[in-house]
There are 2 protein chains.
Amino acid sequence: MAEQAVTVAVSTVIFGLRDVDGSPALHLPLVRRVREPHLGRWALPGGPLRPEESLREAAREGLAATTGLRPRHLEQLYTFGAVDRGGADRVVSIVYWALVRTDEAERTLADPNVSWFPAERLPALAFDHDEIVGWAVKRLKAKLEYTRISHALLPEEFSLGQLREVHEAILGRRLDPANFRRRVEATGTVTRTGALQSGVRHRPPALYRSTARQELLT
Amino acid sequence: MAEQAVTVAVSTVIFGLRDVDGSPALHLPLVRRVREPHLGRWALPGGPLRPEESLREAAREGLAATTGLRPRHLEQLYTFGAVDRGGADRVVSIVYWALVRTDEAERTLADPNVSWFPAERLPALAFDHDEIVGWAVKRLKAKLEYTRISHALLPEEFSLGQLREVHEAILGRRLDPANFRRRVEATGTVTRTGALQSGVRHRPPALYRSTARQELLT
DNA sequence: TCAAAAGTGTTAATCCTACACCCATGG
DNA sequence: CCATGGGTGTAGGATTAACACTTTTGA
């Protein structure tokens, strides 16, 4: 006889950029629930924690299984465990958040039950997932200011203009190109590759890459 | 037949101040383990999560049971769940951190298996608790700079000198009294009570209290 | 009257912001 | 040759850090 027990699940808020009329905008993939409770609603990808896998592995695994994505950045966000979160059992839900590269975000699994939504206009989500996404966005904005995580959204080489567009998309406001450039260069988190980006209808920008350093994946 | 399952535990890193030759210093209470594994070692207070209590309740409850303390500030820190954390079962450990008032810290349960240690000189702890405490200290230092949590360590009314000593103890460096005063006053997080602290062998300092506002207990 | 901390004032250095201006390319 | 974003320069304001100096108490 199974007594009332606590179950552990791991889900992930995945962020990626997709173009909306020319500019990148923050998006996230959701999966449609195929069982009760909240059947048919959109929810964060995730699943139960198996005893033999670490929390991080579980996040990475559940993410790959449902969306086919491999994150560039993966970090624990928070653990939610109110007694009634809208489901039947007592579930403790450990939430991670991840960033995937723009080009990777394009080739998500072709599955009618997986779809990308703009972070600003989400449908009503299952459980308390709305609240969770709100936290993740808040954390992303905060970390943008004092870490180099934004690099994880871009391809290996990028211009400072592209990097600025990413920051603008996430922060939701325009940044002065001149000051942004100086701030970024001063931190030493980027290195010139020497190459220039060609094919643009203006002065070709220098390309940079993230300065080599093992990322501290908290 | 019980299959290999995941267990959820909640523990808490509790911070309080105790005087070390005249100045406050960051301390934390630990409990001695009375069973295997790690029998006899010092560890963070905590215990298993019961299905009917929230994570926060579990943290508060386990804390009260083992140390008799009521925290002024309680916040989730991180969830640790590597497959082998040194115990026998697979345990997912949700860690909270708490601040208690100086005067409260004095009257901990008189129990030979509970003792306060200076944060700088801890004994070797059970499991991965050393690492956890390290994280908690780091978070405390960071939050000191942009929140008002330091008030939670002091009594209802305090002088700016006392508040500065708290910051100095936690950050581990001296702060300019004049500049500290101005910074704190500028934030508007403290209010003069009108009273002065008497009995000091120098000019009596004005007393302040934390500006009334519901604390956001993440 | 002296030591010690409270509290105020001042200045120089630094950082941040806004914006002017030249550069190099594709159309 | 022009529109567009890349890239550099710079002046003013705000913030910070260091420290001189006055105030008020108990011993």
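Lettering follows sequence order; numbering is per chain, from 1.
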The residue, B:Pro205 or A:Val200, whose nearest nucleotide of DNA chain C is more 5′ is B:Pro205
First encountered from the 5' end of DNA chain D, between A:Asn179 and A:Arg201 | A:Arg201
Quick one: A:Arg183 CZ to D:dT8 C1', roughly how many Å, whole number?
-> 18 Å
Tell me what B:Arg182 touches on the nucleic acid: a base, only sugar-phosphate, or nothing, going by heavy atoms under 4.0 Å.
-> base
Please report, rounded to the nearest Å, how far the P atom of C:dC19 is from the CZ atom of A:Arg174.
-> 15 Å
Touch check for A:Ala178, heavy atoms < 4.0 angstrom, all strands: base, sugar-phosphate only, or nothing?
-> base
Kindly assign one of parallel, tilted or perpendicular to the pair B:Trp97 and B:Phe15, based on the angle between their ring planes and the thresholds 30° and 60°.
-> perpendicular
Write down the distance between CG (B:Leu171) and P (D:dA17), rounded to a whole number of angstrom.
-> 12 Å
Give, for atom OG1 of B:Thr193 and atom CD of B:Glu157, the distance between the pair rounded to the nearest 0.5 Å.
-> 4.0 Å
Figure out the CG/P separation between B:Leu196 and D:dT25, and round it to whole Å.
-> 8 Å
Whole angstrom value for the distance that separates C1' of D:dG6 from CG of A:Leu175 | 16 Å
Comparing nearest nucleotides in DNA chain D, the 5'-proximal residue of the pair A:His202, A:Asp176 is A:His202
Rounded to the Å, how far apart are A:Leu160 CG and D:dT4 P?
-> 22 Å
D:dT16 P sits how many Å from B:Glu145 CD, rounded?
-> 11 Å
Would you say D:dG6 has OP1 or OP2 under 4.0 Å from some side-chain N or O of A:Arg164?
-> yes
Smallest heavy-atom separation, A:Ala58 atom then A:Leu49 atom, equals CB-CD1, 3.7 Å
Report yes if a donor N or O on one partner sits less than 3.5 Å from an acceptor N or O on the other, where the partners are the side chain of B:Arg203 and the base of D:dT23; otherwise report no.
-> yes
Are OP1 or OP2 of C:dG7 and a side-chain N or O of B:Arg181 less than 4.0 angstrom apart?
-> yes
More than 12 heavy atoms of other groups within 6.0 Å of A:Glu120 CD = no
Just say parallel, tilted or perpendicular for the rings of B:Trp135 and B:Tyr78, cut-offs at 30° and 60°.
-> tilted
What is the distance from CG of B:Leu163 to P of C:dA5, rounded to the nearest Å?
-> 17 Å
